[in-house]
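Notes to accompany the following structure.
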Amino acid sequence: MLQLVKEFDNYNLDILGVSEVRWTGTGKRRLASGHTILFSGRSDAQHSEGVALLLNKKTEKALLEWKPYGPRLLRARFHSKYTKLTVLACYAPTNDSEAEDKDAFYDQLQAASESVPAHDMLLIIGDLNARWEVTTPAGSMSWANMESEPSMTTERDWQTFVKKTTY
């Protein structure tokens, strides 16, 4: 954790999404450095999967609410100068995973994104491990995991607008 916080500070970040945290349970912890970590892991004793958001002091003060959605999805909402920002930190199943697991994750991600208030800025971060598409005012771009076959992945259209946010 010490190395992660050091790099976080070196890059002068406000928010950092971490995938495959491998912690169990959910929680919010203040670190000795003053940073805050929100995490969501498995509810059993297995130390696998898990997502987290690392926040600096300024960003933690802007945190309005957060909600764990299980070991692969975490939602946090922040107050900023011009708008509210909702961050979805995710860790998608790999293409080797069962189709049911992948579909359940993307259904959960879809539901979480649809629950974001319309006036909020939405930022989806993490390891999506799959094929997806981003549509912006400038046009569409898509990325695909080179190891996957199109029939094995779930495709989603996302309206994503990334702007600089001031807290």
In terms of heavy-atom contacts, Gly17 and Leu53 come closest through CA-CD2, 3.9 Å

CD of Gln110 to CZ of Phe105, rounded to nearest 0.5 Å, is 11.0 Å

Flag side-chain contact, heavy atom, 4.5 Å: Asp9 against His35 | yes

Euclidean distance, Lys28 NZ relative to Ile37 CD1, rounded to 0.5 Å = 12.5 Å

Would you say Asp44's side chain and Gln46's backbone share a donor-acceptor pair under 3.5 angstrom?
-> yes

Show your reasoning for whether side chain to side chain donor-acceptor pair (under 3.5 Å) applies to Tyr91 and Glu49.
-> CA-CA 7 Å; Tyr91 174 49; Glu49 302 169 358; over 6 Å; no

Which heavy atom of Val116 sits nearest a heavy atom of Arg75, and at what distance?
-> CA-NH2, 4.3 Å

Scan the side chains in residues 61-69 for donor-acceptor partners under 3.5 Å anywhere in the protein, sequence neighbours excluded, and list what turns up.
none

Heavy-atom distance under 4.5 Å between the side chains of Glu60 and Arg30, does that happen here?
-> yes

Short question: side chain of Ser113, backbone of Leu109 - any donor-acceptor pair under 3.5 Å?
-> yes

Please confirm whether the backbone N or O of Leu13 pairs with a side-chain atom of Asn56, one donor and one acceptor, at under 3.5 Å?
-> yes

Rounded distance [0.5 Å steps], OG1 in Thr59 versus CG in Leu16 = 11.0 Å

Closest heavy-atom pair and its distance - Phe78, Val87 = CE1-CG2, 3.8 Å

Under a single-linkage definition using a 4.5 Å side-chain heavy-atom cutoff for Ile, Leu, Val, Met, Phe, Trp and Tyr, are Leu2 and Val18 assigned to the same hydrophobic cluster?
-> no

What distance do Asp107 atom CG and Lys102 atom NZ have between them, rounded to the nearest 0.5 Å?
-> 13.0 Å

How many angstroms lie between atom NZ of Lys81 and atom NE2 of His79, to the nearest 0.5 angstrom?
-> 11.0 Å

Where do Leu123 and Leu88 land on the side-chain contact (heavy atoms from CB on, under 4.5 Å) test, with the steps shown first?
-> CA-CA 6 Å; Leu123 180 63; Leu88 297 176; over 6 Å; no

Residue pair Val51, Cys90: steps toward the side-chain contact (heavy atoms from CB on, under 4.5 Å) verdict | CA-CA 6 Å; Val51 292; Cys90 57; 5.5 Å; no

Heavy-atom closest contact (Pro93 atom, Asp101 atom, distance) | CG-O, 3.8 Å

Minimum-distance pair of heavy atoms, taken over all atoms of Leu31 and Leu54 = CD1-CD1, 4.0 Å

How far apart are the closest heavy atoms of Pro117 and Arg77, and which atoms are they?
-> CG-NH2, 3.7 Å

Decide side-chain contact (heavy atoms from CB on, under 4.5 Å) for Lys58 and Asp14; before the verdict, give the C-alpha distance in whole Å, the side-chain angles of both, and the deciding distance to 0.1 Å.
-> CA-CA 8 Å; Lys58 177 178 71 172; Asp14 293 326; 3.9 Å; yes

List the steps and the verdict of side-chain contact (heavy atoms from CB on, under 4.5 Å) for Leu85 and Asp120.
-> CA-CA 5 Å; Leu85 169 68; Asp120 279 21; over 6 Å; no

Can you tell me if CG on Asn10 sees more than 12 non-hydrogen neighbours from other groups inside 6.0 Å?
-> yes

Any donor and acceptor pair, going by atom type alone, linking the side chain of Ser40 with main-chain N or O of Gly70 inside 3.5 Å?
-> yes

